[in-house]
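Below: the structure, in structure tokens.
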Amino acid sequence: MAEITASLVKELREKSGAGMMDCKKALAETNGDLEAAVDWLRKKGLAAAAKKAGRVAAEGLVAVKAEGTTGAAVEVNSETDFVARNETFQDFVQTAAVVAYATGGDVEAVKAAAFPGSDKNVGDQLTALIGTIGENMNLRRAAVLKVEQGVVAAYMHNAVKPGLGKIGVLVALESAGDAAKLEELGKQIAMHVAAANPQFLTVDSVSTEALDRERDVLSEQARASGKPEEIIAKMVEGRLRKYYEEVVVLEQPFVMDPDRKVQKVIDDTAKTLGAPIKMTGFVRFALGEGVEKEEKDFAAEVAAQLKK
């Protein structure tokens, strides 16, 4: 029997798009013949993923898992919303969140981790799922939040199942206060984050790039008034406060009580609990956010076919 080397397995994976274990098995079944192994995978439906890898995957599901002081979120994309209603796909996404919860927020580490109840890792399990369902899919991102003491709360908007839907949010609260009360506050803030879509946690965490861009825009707007530069500088600083209320979660008016900012809501709850509360982080995954979706012109497609 021919030796099945790591380089041979790698080459087969690149040619077929199939998972590592499936490639090893294919090479073993075909005595190391690369082309025969590709055919073996195709016959088993395991090489189909390679042909689908170039197609845009912007649908799918987001999953969150939060328990105690740790929370995880993942986004797994598919080509169509139809697949998002597939129970096998839903189970995969929920399991991926469980793996991320245990592994951490690095996508490659999640992909390399063992998939529960399978002899495959998460990445290979997804490849097998692509072959079975027949659409391109992608574990796009993962994140984990932790606190030393307190809670990480989760909220899912447009949920299709508990912890599974279109917009997933995690909120980390550091405190020695009552865990149940902290959980309640965390979920309320997570709902706020889902609705308000903040970009930063604190004023100090606003990126220099974002701040410079905003300051430049505000400066040009202020100059249109014809006022002196020293007045313009003061106008810009005043308008930046409004910008912070738009992008910084702690500065935003709380969606459930717009007369109070999120920081004020946290401070008021801390007084009630008799213990300081610090929001240390948040994660908001909105399905397909930032993915350029493919626009299909079916009339053009038909016309192109007729020309062939």
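Note that the coordinates shown come from a computational prediction; the quantities given were computed from them, not determined experimentally.
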Inspect the surroundings of NZ in K278 and state if more than 12 heavy atoms from other residues, nucleotides or ligands are less than 6.0 Å away. no

In Å and rounded to the nearest 0.5 Å, what is the SG to CD1 distance from C23 to I4? 11.0 Å

Membership question, hydrophobic clusters at under 4.5 Å side-chain separation (ILVMFWY): are V203 and V236 in the same one? yes

Any side-chain heavy-atom pair of L211 and L240 under 4.5 Å: yes

Side-chain donor or acceptor of Q94 paired with backbone N/O of P162 under 3.5 Å: yes

Separation between CZ of R284 and OH of Y155, rounded to the nearest 0.5 Å: 10.5 Å

Apply side chain to side chain contact (heavy atoms under 4.5 Å, CB included) to N77 and L287, showing your working. CA-CA 8 Å; N77 296 130; L287 180 66; 3.6 Å; yes

Taking side chain as C-beta onward, heavy atoms only, is L41 less than 4.5 Å from L12? yes

Within 6.0 Å of CD in E230, more than 12 heavy atoms from elsewhere: yes

Between V74 and A96, what is the shortest heavy-atom contact and its length? CG1-O, 3.9 Å

Is there a side chain to side chain contact (heavy atoms under 4.5 Å, CB included) between K166 and D81 once you walk through the steps? CA-CA 11 Å; K166 302 294 186 181; D81 184 58; 2.9 Å; yes

Compare every heavy atom of V122 with every heavy atom of A114, then report the nearest pair and how far apart it is. O-CG2, 4.3 Å

Rounded to the nearest 0.5 Å, how far does CG of L139 lie from CZ of F92? 6.0 Å

Considering non-hydrogen atoms only, spot the tightest contact between L61 and A84 and give its length. CD1-O, 3.4 Å

So if you build clusters from Ile, Leu, Val, Met, Phe, Trp, Tyr with side-chain heavy-atom gaps below 4.5 Å, do V160 and M191 land together? no

For residues 171-189, which side-chain donor-acceptor pairs fall under 3.5 Å, sequence neighbours excluded?
residue	atom	partner	partner atom	Å
E174	OE2	E148	N	3.3
E174	OE2	Q149	N	2.8
S175	OG	G177	N	2.9
S175	OG	P276	O	2.8
D178	OD2	A180	N	3.2
D178	OD2	K181	N	3.0

Heavy-atom check, side chain of F115 versus side chain of L126, under 4.5 Å: no

Kindly give the heavy-atom pair with the smallest separation between F285 and A143, and that separation in Å. CZ-CB, 3.8 Å

Distance in Å, I266 CD1 paired with M279 CE, rounded so as to fall on 0.5 Å steps: 6.0 Å

Is there a donor-acceptor contact under 3.5 Å from the side chain of E237 to the main chain of M235? no

Minimal heavy-atom distance between E79 and E135, with the atoms involved, is N-OE1, 2.9 Å

Could you go through I167 and E289, starting from their C-alpha distance and side-chain angles, then the distance that decides it, and tell me whether this counts as side chain to side chain contact (heavy atoms under 4.5 Å, CB included)? CA-CA 10 Å; I167 301 177; E289 189 174 49; over 6 Å; no

Salt bridge between K264 and D268, side-chain N to carboxylate O under 4.0 Å? yes

Would you compute the distance between atom CZ of R215 and atom OH of Y243 and round it to the nearest 0.5 angstrom? 10.5 Å

List the atom of S219, the atom of I232, and the distance in Å for their closest heavy-atom pair. O-CG2, 4.2 Å

E214 vs E246 side-chain heavy atoms within contact, under 4.5 Å: no

Could you tell me which residues satisfy side chain to side chain contact (heavy atoms under 4.5 Å, CB included) with E108, sequence neighbours excluded, listed by chain and number? D106, K111

In one Ile/Leu/Val/Met/Phe/Trp/Tyr side-chain cluster, 4.5 Å: V144, L170: no

Would you say Q90 and K161 are linked by a side-chain donor-acceptor pair, where the criterion is simply a distance under 3.5 Å? yes

Let me have the donor-acceptor pairs involving side chains of residues 62-73, under 3.5 Å, with sequence neighbours excluded, atom names and distances please.
residue	atom	partner	partner atom	Å
K65	NZ	E67	OE1	3.4

Checking salt bridge (Lys or Arg N to Asp or Glu O under 4.0 Å) against E251, which of K242, R241, K261, R260 comes through? K261

d(I277 CD1, Q263 CD) to nearest 0.5 Å is 10.0 Å

L201, V193: one ILVMFWY side-chain cluster at the under-4.5 Å cut-off? yes

Is it the case that one hydrophobic cluster holds both V76 and L129, taking links as side-chain heavy atoms less than 4.5 Å apart, direct or via other members? yes

Among V255, D257, L250, V248, find the residue that satisfies the side chain to side chain contact (heavy atoms under 4.5 Å, CB included) test when tested with V262. L250

